[in-house]
Amino acid sequence: RLDFPNKALKTALLSILADDYFVPKGYYSAWAEDANRTLRSGDVFKFSIQLTSILWHVSDRFQRKGDDKKHERHFQYAMYLIMQLLSKYNTYVEKLAGQGRMDCVLECADYVYIFGFKMDDTASGVLKHLEDKGYGLPYAEKGRKVYRVGIIISSETGAIIGYEWA
């Protein structure tokens, strides 16, 4: 079960993510609009840069040093919130699959993004894990392009330090 580690982190994260979410219609967040356009176009490289830029603003004082598993889950939860705030796609966290659980899945009309998150690892290792588990197989028959995206998080800074996709 995903949850916030404390009230301060919850308040800060929701403040950052929801800053532009609750504005009147017609004042849609420029970041969210651009991210939606990028996801619809299948431009994984640009989306990775956009994601890195928005997550960079989360203060490092909220990072949980020395507890990699919890830190990975907090990052996963932040990703889920970001995807939900985009509010146009089916988003799943810890989605059960035949051989395990996918960290995060984002289903768009023409693309499916399967994300794997690891601390201080290699993005190619994460991609190999996603491939070995066959996480993209259920989506292949539906005619959508499937992207596997490995994202590496620094245990020191909490920032994205690497990503790779296939």
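When reading the values below, keep in mind they use all heavy atoms of this one structure, side chains included, and skip hydrogens, waters and symmetry mates.
For the pair Lys133 (side chain) and Gln99 (backbone), a donor-acceptor distance under 3.5 Å is present. Of the possible donor and acceptor atoms, none in the side chain of Arg148 sits under 3.5 Å from a partner among the backbone N and O of Ala166. The backbone N or O of Ala32 lies less than 3.5 Å from a partner atom in the side chain of Asn36, making a donor-acceptor pair.
Distance check, rounded to the nearest 0.5 Å: CG of Leu51 to CG of Leu39 gives 9.5 Å. Within the model, atoms CD1 of Ile160 and CD1 of Ile153 stand 7.5 Å from one another, a figure rounded to the nearest 0.5 Å. The line from SG of Cys104 to CD1 of Ile114 is 10.5 Å long, rounded to the nearest 0.5 Å. With rounding to the nearest 0.5 angstrom, the CD1 atom of Ile54 is 5.0 Å from the CD1 atom of Ile82. If you take OG1 on Thr122 and CD on Glu164, they are separated by 8.0 Å, rounding to the nearest 0.5 Å. Note: Leu137 CG to Glu131 CD = 7.5 Å, rounded to the nearest 0.5 Å.
Counting all heavy atoms, side chain and backbone alike, Gln50 lies closest to Trp31 at O-NE1, 3.3 Å. Among all heavy-atom pairs drawn from Glu107 and Tyr89, the shortest one is O-CB, 3.4 Å. When every heavy atom of Gly150 is checked against every heavy atom of Ala123, the shortest pair comes out as O-CB, 3.9 Å.
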### Query
Tyr92 and Arg101: side-chain contact (heavy atoms from CB on, under 4.5 Å), yes or no, with the steps?
CA-CA 10 Å; Tyr92 305 95; Arg101 284 185 291 231; over 6 Å; no
### Query
Could you walk me through whether Asp120 and Ile161 pass the side-chain contact (heavy atoms from CB on, under 4.5 Å) check?
CA-CA 8 Å; Asp120 303 322; Ile161 56 172; 4.2 Å; yes
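Linking ILVMFWY side-chain heavy atoms closer than 4.5 Å, directly or via other members, places Val126 and Val149 in two distinct hydrophobic clusters. Under the 4.5 Å side-chain heavy-atom criterion for Ile, Leu, Val, Met, Phe, Trp and Tyr, Ile151 and Met102 are members of distinct hydrophobic clusters. Taking hydrophobic clusters as Ile, Leu, Val, Met, Phe, Trp and Tyr residues chained together by side-chain heavy-atom distances below 4.5 Å, Val44 does not share a cluster with Leu127. Phe117 and Leu96 fall into different hydrophobic clusters, where Ile, Leu, Val, Met, Phe, Trp and Tyr are joined by side-chain heavy atoms under 4.5 Å apart, directly or via other members.
Contacts classified as ring pair (Phe, Tyr, Trp, His ring centres under 6.0 Å) and involving residues 143-166 (residues at least two apart or in different chains) are given here: Tyr111-Tyr147, Tyr113-Tyr147.
The pair Lys118-Asp103 does not count as a salt bridge, with every side-chain nitrogen at least 4.0 angstrom from each carboxylate oxygen.
Here the side chains of Tyr135 and Lys95 are not in contact, with every heavy-atom distance at 4.5 Å or above.
Environment of NZ in Lys128: sparse, with no more than 12 heavy atoms of neighbouring residues, nucleotides or ligands closer than 6.0 Å.
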